[in-house]
There are 2 protein chains.
Amino acid sequence: MTQTEPDIKIRILLAAKRLFAQQGYDGTSCRQVCEAAGANIALISYHFGGKEGVYKAVVEHFFPIKELKSVNFADLDPIEGIRLLVSRIIQVTHRDRELSFIIQQEMLLRSPRRQTVMNVLVEVWSQVRSLLLRGKEEGVFTFDSSTNALVMVMGVALSHKHMVNFEDVFADEKIGVESIAAEAVRFILLGLGVKEA
Amino acid sequence: MTQTEPDIKIRILLAAKRLFAQQGYDGTSCRQVCEAAGANIALISYHFGGKEGVYKAVVEHFFPIKELKSVNFADLDPIEGIRLLVSRIIQVTHRDRELSFIIQQEMLLRSPRRQTVMNVLVEVWSQVRSLLLRGKEEGVFTFDSSTNALVMVMGVALSHKHMVNFEDVFADEKIGVESIAAEAVRFILLGLGVKEA
DNA sequence: GTCTATAGCTGGATAGAC
DNA sequence: GTCTATCCAGCTATAGAC
């Protein structure tokens, strides 16, 4: 590797991340990825063993698992835990929009990549679920089905990625990630029955 | 057309809807669709003008636009309007899960199909947006950005489609669509600042 | 580690028979 | 309207030179 250009493997992963996000896995060819990365097609086989290997490497290389596990949420008050965890999820998905588009796409499909994605996601979602269940036990959260509550919380936390679709249509002001996160946290806590969130 | 079997065009659309939902548009071949439909490959060109035409026909044939526009939501109280519209969206997306998977996939991509999808969706989302804005004016809803509020409401309304991912993982009881809708409506109204939803 | 060249398929589309 | 047969562009993957 030279000093100025990133490593060729990283260049391939970056190009793949961008193209998978925009066009989907099946809508993107290895040729496209390598052209965008300034790399030769044969390098995909050599470095990653094939297209599926590139996908797996993208998810595992860029998913910020450390950042999402750096706090011990089991020690926190459920309200503060949800507040912190949801804020962090929004920050992370906003910073690397491409990766979260890729992950969301695969959650909607029955593909061989689903397991790769679920492996990294379960660790985060289990934490949210634990906080919800503990909050319900302590009487601060109100809901019937914990799975339903979990997906509703996730739906709000990930909803900001669809804003770009509507900024086209409704043409209003763009807002920063801090405002988005604050509004989402408030919406979620109120939705869970917390008074004065 | 005979009396027992559905029309061949409809059989193609039904097969395409199922396969696009499971595998995505690019992950599904015309050959696969026709095999599942018991049809000859050449019929896709003949009846729909190509694969993109099949996609467009699937969205336009199965999207329940009448059902979603049969109520004049402009006449309703914002709270009742949101309650009714969100319930209806959940009923519709729960009844035809395949179509809503297809639509959600395309919302995450920059594809030539996006316009087809946005055309049918804008009509529904504009209604939600109007109700939100009116509710804010009347002082019953609380939020800063209307676009952010809109996508959060949509995130909750469509979240139930991800429950299948977690019923695998957390293995709890399945709940009916009425309970899902009731919980989602409550969550949304509380999230919007309505007391005692 | 990186390249060229190519094998071996499968994709969407259609011409033309019936 | 529906079929068979076929075109050819595009795909992933790899053998083998450098």
**Q.** Salt-bridge criterion met for B:Glu35 and B:Arg31 (N-O under 4.0 Å)
**A.** no
Q: Tell me which residues in residues 44-62 of chain B put a heavy atom below 4.0 Å from DNA chain C, sorted by number, or none.
A: B:Ser45, B:Gly50, B:Lys51
**Q.** Note: B:Glu98-B:Lys161 ion pair, threshold 4.0 Å (strictly below)
**A.** no
Q | Lys/Arg-Asp/Glu bridge criterion (N-O < 4.0 Å) met for A:Arg113, A:Glu106 | A | yes
**Q.** Distance, rounded to the nearest Å, where B:Ile8 contributes CD1 and D:dT2 contributes C1'
**A.** 9 Å
Q: Using atom CD1 of A:Ile41 as one end and atom P of D:dC11 as the other, report the distance to the nearest whole Å.
A: 9 Å
Q | Closest listed nucleotide, where the reference is the side chain of B:Arg31 and the choices are D:dT6, C:dT2, D:dC11 | A | D:dT6
Q.
I need the CD-C1' distance between A:Gln23 and D:dC11, as an integer number of Å.
A. 14 Å
Q. Does a salt bridge link B:Glu52 with B:Lys56, judged by any charged N lying under 4.0 Å from a carboxylate O?
A. no
Q. How would you list all residue pairs meeting side chain to side chain donor-acceptor pair (under 3.5 Å) that involve residues 80-91 of chain A, not counting sequence neighbours?
A. A:Ser70-A:Arg88, A:Glu80-A:Arg83
**Q.** Value in whole Å for how far the P atom of C:dG11 lies from CD of B:Glu35
**A.** 11 Å
Q: Please state how far atom CG in B:Leu43 lies from atom C1' in C:dT14, giving the value in whole angstrom units.
A: 13 Å
Q | First encountered from the 5' end of DNA chain D, between A:Asn40 and A:Ser29 | A | A:Ser29
Q.
Whether the B:His160 and B:Thr93 side chains hold a donor-acceptor pair (N or O, under 3.5 Å, no angle test) is what I'd like checked.
A. yes
Q) Tell me: CZ of B:Arg11 to P of D:dG1, nearest whole Å? A) 15 Å
